[in-house]
Chemist: 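After the structure tokens below, expect a handful of questions from me.
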Amino acid sequence: MNTIENKKIAIVGGGPGGLTLARILQNRGAAVKVYERDADSEARPKGATLDLHYESGLKAIIEAGLMDEFKANYRPGADKLRIVDQHANIVFDDQGNREESEAKESFRPEIDRGPLQQILLNSLLPGTVEWDCRFVSLSPQNEGWKLEFQNGTAAYADLVIAADGANSKIRPYMTPVKAIYSGVTVVEGAVYNSEIACPEIHQLLNDGKIFAMGNERSLIVSSKGDGSLVFYTGFNTPELWSRECGIDFSDKIQVINWFKKEYEGWDKVWLELFENASSDFIPRPQYYMPLDQNWEALPNLTMLGDAAHLMPPYAGEGVNMAMLDALELSDCLTNSDFTDIKSAIAAYEENMRTRAVEVTEATLESTAALHSPDAISYMINIIS
């Protein structure tokens with residue numbers, strides 16, 4: 001008998017981590033509901049493509065029984081990478097000709113966020129996801145929790161799992177430990193129909209990724225299967241810069257003027273991105289959780305993904321860690337060796353925190369290196 005038999009489980013957050021958890025738990029007979037703040041699966045634009053790693057994200061996909069669906073939707077060749085300098089000179093060109101075999105640890109296939117979300121949603125039982133449920137509060141009820149949502153509805157669960165991301169509203173119920181600013185802020189933008197809208201960048205991108213670095217600044221561009229691209233500037237700046245800089249990020253002219261000044265000396269070709277951006281720009285200060293974070297395991301509440309171990313994106317580990325969390329939490333909750341939910345949660349959390357320390361350290365090293373004078377050399381060394 002596993003610890004969650006006849007228990008109602010609420011997962012707050014319908015990202016890759018939360019949906020993967022729901023799929024694996026349902027496969028193992030659990031009663032699961034996912035509460036997602038968005039009105040539907042198309043409510044928000046999707047960001048850059050995701051590379052799933054053999055030992056984490058792909059491992060979870062395989063355990064979820066979704067590898068066939070994944071292989072039908074991933075983008076072979078989307079992992080092609082060009083490293084360029086600020087003048088748009090190619091200094092490293094990886095055309096992605098590595099053998100792609102799911103049995104190889106080097107297999108890191110790219111998939112767009114939209115198709116991955118749809119694969120996971122389609123795998124769940126009808127009615128599993130409750131949309132338009134923006135979390136408001138938790139309060140103890142019986143041996144579990146009463147969840148209240150902004151739309152006026154409420155639900156009961158014996159076990160609640162926070163999968164609600166970087167700004168988790170549930171994390172404070174478990175620990176007061178807050179995230180730390182990394183020193184780097186990102187400004188995100190997107191261009192639809194990039195072949196027409198910004199042909200020079202589109203050609204340089206070559207349906208893959210661009211890492212442009214220079215003057216202790218980065219500019220990462222990623223192609224998407226729908227013909228669009230997303231891009232992210234990264235630069236060292238004070239934590240409150242995005243609030244105090246006076247820039248209206250919905251005003252393209254203001255952002256273009258900022259980019260010209262902040263990225264002085266960069267080739268004018270990069271302006272194609274900003275001049276043809278299809279939506280508002282989004283500033284994103286990058287945070288991480290303290291390496292020594294700890295908390296007491298609870299008998300009916302835990303968390304995964306960014307809610308538990310937020311980190312910058314410069315090692316490509318965020319979604320992979322969230323999906324591995326989902327797999328390992330599922331394993332603990334359905335392991336008959338544990339006599340109660342609290343002991344299962346404690347084992348999961350201890351392992352998760354230990355793993356997150358190692359990954360966060362590597363991510364912070366990469367974040368600093370990519371915004372240093374030796375960024376290009378660092379990047380070439382780690383991928384060669």
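Every value quoted in this text rests on a predicted model; they were computed, and no experiment measured them. Only heavy atoms go into these numbers, but all of them, side chains included; no hydrogens, no water, no symmetry mates.
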Chemist: Between Glu275 and Lys252, is there a side-chain N and carboxylate O pair less than 4.0 Å apart?
Modeler: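 Looking at Glu275 and Lys252, the cut-off is not met.
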Chemist: Please report the C-alpha distance between Arg113 and Leu116 in whole Å, then the side-chain angles of each, then the deciding distance to 0.1 Å, and finally whether the side-chain contact (heavy atoms from CB on, under 4.5 Å) criterion is met.
Modeler: CA-CA 5 Å; Arg113 291 173 183 267; Leu116 177 60; 5.8 Å; no
Chemist: Which value, rounded to the nearest 0.5 Å, describes the distance between Ser330 atom OG and Ile9 atom CD1?
Modeler: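 Nearest 0.5 Å value for the OG-CD1 distance: 8.5 Å.
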Chemist: Grab the two heavy atoms, one from Leu273 and one from Val191, that are nearest each other, plus how far apart they are.
Modeler: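 The answer is O-CG2, 3.6 Å.
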Chemist: Is a salt bridge present between Arg28 and Asp331, judged by a nitrogen-to-oxygen distance below 4.0 Å?
Modeler: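 Salt bridge between Arg28 and Asp331, a charged N being under 4.0 Å from a carboxylate O: yes.
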Chemist: Hey, could you give me the CG/CD distance between Asp164 and Glu36, rounded to the nearest 0.5 Å?
Modeler: 9.5 Å
Chemist: Enter the distance from Thr363:OG1 to Met311:CE here, rounded to the nearest 0.5 Å.
Modeler: 5.0 Å
Chemist: For a quick check under 3.5 Å, do Asn351 and Glu328 share a side-chain donor-acceptor pair by atom type?
Modeler: yes
Chemist: So Lys260 and Leu271, do their side chains get closer than 4.5 Å, heavy atoms only?
Modeler: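 Yes, close enough: below the 4.5 Å cut-off.
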Chemist: Measure the acute angle between the ring planes of Tyr263 and Trp266, then classify it against the limits of 30° and 60° as parallel, tilted or perpendicular.
Modeler: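 Tyr263 vs Trp266 ring planes: perpendicular.
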Chemist: Under a 4.5 Å side-chain heavy-atom rule over Ile, Leu, Val, Met, Phe, Trp and Tyr, are Val186 and Val221 clustered together?
Modeler: no
Chemist: Given side chains that start at C-beta, do those of Ile345 and Leu298 come closer than 4.5 Å, heavy atoms only?
Modeler: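 Heavy-atom side-chain distance check fails, nothing below 4.5 Å.
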Chemist: Answer yes or no: does atom NZ of Lys59 have more than 12 heavy-atom neighbours from other residues, nucleotides or ligands under 6.0 Å?
Modeler: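 Count not over threshold, so no.
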Chemist: Does either side chain, that of Thr185 or that of Thr237, offer a donor lying less than 3.5 Å from an acceptor on the other one?
Modeler: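 There is no such pair between these side chains.
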Chemist: Between Tyr35 and Phe149, is the ring centroid distance below 6.0 Å?
Modeler: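 Yes, the ring centres sit under 6.0 Å apart.
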Chemist: Indicate yes or no for a side-chain donor-acceptor contact from Asp158 to the backbone of Lys8 under 3.5 Å, with no hydrogens or angles considered.
Modeler: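 Checked: pair present.
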Chemist: Of the non-hydrogen atoms in Pro299 and Ile341, which two are nearest, and what is the gap between them?
Modeler: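 Minimum heavy-atom contact is O-CG2, 3.3 Å.
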Chemist: For the backbone of Gly227 and the side chain of Ser194, can you confirm whether one donor and one acceptor N or O come within less than 3.5 Å of each other?
Modeler: yes
Chemist: Begin from the C-alpha positions of Tyr348 and Asp325 and carry the test side-chain contact (heavy atoms from CB on, under 4.5 Å) through to its verdict.
Modeler: CA-CA 8 Å; Tyr348 154 72; Asp325 289 347; 3.5 Å; yes
Chemist: Can you establish whether the number of heavy atoms outside Glu350 located under 6.0 Å from its atom CD is more than 12?
Modeler: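 No, not enclosed.
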Chemist: Please find the pair of heavy atoms, one from Ser218 and one from His371, that lie closest to each other, and give the distance.
Modeler: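 Taking every non-hydrogen atom into account, OG-NE2, 2.8 Å.
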Chemist: Under 3.5 Å, is there a donor-acceptor pair between the side chain of Gln286 and the main chain of Pro312?
Modeler: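 Side chain of Gln286 to backbone of Pro312: no pair is present.
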Chemist: Is the number of heavy atoms from other residues, nucleotides or ligands within 6.0 Å of CG (Asn167) greater than 12?
Modeler: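 Atom CG in Asn167 is not packed in, count stays at 12 or less.
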Chemist: How far does OG1 of Thr49 sit from CG of Leu229, to the nearest 0.5 angstrom?
Modeler: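 Reported value, rounded in 0.5 Å steps: 11.0 Å.
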Chemist: Regarding Asp93 and Lys80, does a basic nitrogen lie under 4.0 Å from an acidic carboxylate oxygen?
Modeler: no
Chemist: With the side chain counted from C-beta on, respond yes when Ile247 and Trp241 share a heavy-atom pair under 4.5 Å apart, and no when they do not.
Modeler: yes
Chemist: Are the side chains of Asp51 and Asp79 in contact, using a 4.5 Å heavy-atom criterion?
Modeler: no
Chemist: Ring centres under 6.0 Å, that's the criterion: do Trp258 and Phe235 meet it?
Modeler: yes
Chemist: Leu58 and Pro109: which non-hydrogen atoms are nearest, and at how many Å?
Modeler: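 So the minimum-distance heavy-atom pair works out to CD1-CD, 3.6 Å.
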Chemist: Donor-acceptor pair, distance only, cut-off 3.5 Å: does the side chain of Asn320 make one with the backbone of Ser56?
Modeler: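 Judged by distance alone, no pair lies under 3.5 Å.
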Chemist: Can Phe92 be reached from Ile382 by stepping across I, L, V, M, F, W or Y side chains whose heavy atoms are under 4.5 Å apart?
Modeler: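 In one cluster with Ile382: Phe92, yes.
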Chemist: Ignoring hydrogens and angles, tell me if any N or O in the side chain of Tyr156 forms a donor-acceptor pair with the backbone of Gly144 under 3.5 Å.
Modeler: yes
Chemist: Using 0.5 Å steps for rounding, measure from the NZ atom of Lys342 to the CG atom of Asp340.
Modeler: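 The CG atom of Asp340 is 8.0 Å from NZ of Lys342, to the nearest 0.5 Å.
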Chemist: Please say whether the positively charged group of Arg353, taken as NZ for Lys or CZ for Arg, lies over the ring of Trp295, i.e. under 6.0 angstrom from the six-membered ring centre and within 45 degrees of the axis.
Modeler: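 Satisfied, under 6.0 Å and within 45°.
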Chemist: Below 4.5 Å, heavy atoms only, C-beta onward: do Tyr314 and Ile220 meet side chain to side chain?
Modeler: yes
Chemist: What do you reckon, are the aromatic ring centroids of His309 and Tyr288 less than 6.0 Å apart?
Modeler: no
Chemist: Judged by modelled atom types alone, do Asn276 and Glu272 share a side-chain donor-acceptor pair under 3.5 Å?
Modeler: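 No donor-acceptor contact under 3.5 Å links the two side chains.
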Chemist: Do the side-chain N and O atoms of Ser41 and Gln117 include a donor-acceptor pair separated by under 3.5 angstrom?
Modeler: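 No, no side-chain donor-acceptor contact under 3.5 Å.
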Chemist: Is Glu110 salt-bridged to Lys209, going by a charged N under 4.0 Å from an acidic O?
Modeler: yes
Chemist: Okay, side chain of Ser223, backbone of Asp207: is any donor-acceptor separation there less than 3.5 Å?
Modeler: yes
Chemist: Between Ser278 and Tyr192 (side chain of the first, backbone of the second, donor and acceptor by atom type, cut-off under 3.5 Å), is there such a pair?
Modeler: yes
Chemist: So if I apply the side-chain contact (heavy atoms from CB on, under 4.5 Å) rule between Trp145 and each of Asn300, Ile170, Leu159, which one comes out positive?
Modeler: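 Exactly one candidate clears the test, Asn300.
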Chemist: Once you round to the nearest 0.5 Å, how far does OG of Ser222 lie from CG of Leu205?
Modeler: 7.0 Å
Chemist: Please tabulate, for the side chains in residues 136-143, all donor-acceptor contacts under 3.5 angstrom to protein atoms that are two or more places apart in sequence or on a different chain.
Modeler:
unit_1	atom_1	unit_2	atom_2	d
Ser137	OG	Glu148	OE2	3.3

Chemist: What pair of heavy atoms forms the shortest contact from Pro76 to Tyr74, and how long is it?
Modeler: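 Reported closest heavy-atom pair: CD-O, 3.1 Å.
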Chemist: Can you confirm whether Glu195 is buried at CD, in the sense that more than 12 heavy atoms of other residues, nucleotides or ligands lie under 6.0 Å from that atom?
Modeler: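 Atom CD in Glu195 is not crowded, with 12 or fewer foreign heavy atoms closer than 6.0 Å.
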Chemist: Linking I/L/V/M/F/W/Y whenever any side-chain heavy atoms sit under 4.5 Å apart, do Phe135 and Leu21 land together?
Modeler: yes
Chemist: Quick check: does any side chain N or O of Ser343 sit under 3.5 Å from a backbone N or O of Phe338, one acting as donor and the other as acceptor?
Modeler: no
Chemist: Going only through I, L, V, M, F, W and Y residues with side-chain contacts under 4.5 Å, is there a path from Leu364 to Leu370?
Modeler: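 No; tracing contacts between hydrophobic side chains, which count when under 4.5 Å, never links both residues.
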Chemist: Decide yes or no for Gln86 and Met213: does some side-chain heavy atom of the first lie under 4.5 Å from some side-chain heavy atom of the second?
Modeler: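 When only atoms from C-beta onward are counted, Met213 and Gln86 do not touch, as no gap falls below 4.5 Å.
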Chemist: Does any N or O in the side chain of Thr128 come within less than 3.5 Å of the main-chain N or O of Leu124, such that one atom is a donor and the other an acceptor?
Modeler: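 Side chain of Thr128 to backbone of Leu124, a donor-acceptor pair under 3.5 Å: no, none is there.
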Chemist: Does the Asn335 side chain pair with the main chain of Asp337, one donor and one acceptor, at a distance under 3.5 Å?
Modeler: yes
Chemist: Closest approach of Arg217 and Glu262, non-hydrogen atoms and distance?
Modeler: NE-O, 2.7 Å
Chemist: Can you get from Leu25 to Met323 by hopping between Ile, Leu, Val, Met, Phe, Trp and Tyr side chains that sit under 4.5 Å apart?
Modeler: yes
Chemist: Does Leu219 reach the side chain of Tyr232, with side-chain heavy atoms less than 4.5 Å apart?
Modeler: no
Chemist: Can you tell if the side chain of Ile61 reaches within under 4.5 Å of the side chain of Glu69, non-hydrogen atoms only?
Modeler: no
Chemist: Under the side-chain contact (heavy atoms from CB on, under 4.5 Å) criterion, do Ile376 and Ile83 qualify, and how do the steps go?
Modeler: CA-CA 7 Å; Ile376 289 178; Ile83 299 175; 4.3 Å; yes
Chemist: Please determine if Asp112 and Arg75 form a salt bridge, counting it only when a charged side-chain N lies under 4.0 Å from a carboxylate O.
Modeler: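 Looking at Asp112 and Arg75, the cut-off is met.
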Chemist: With no hydrogens and no angle check, just 3.5 Å: does a side-chain donor-acceptor pair link Asn151 and Thr153?
Modeler: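 There is such a pair between these side chains.
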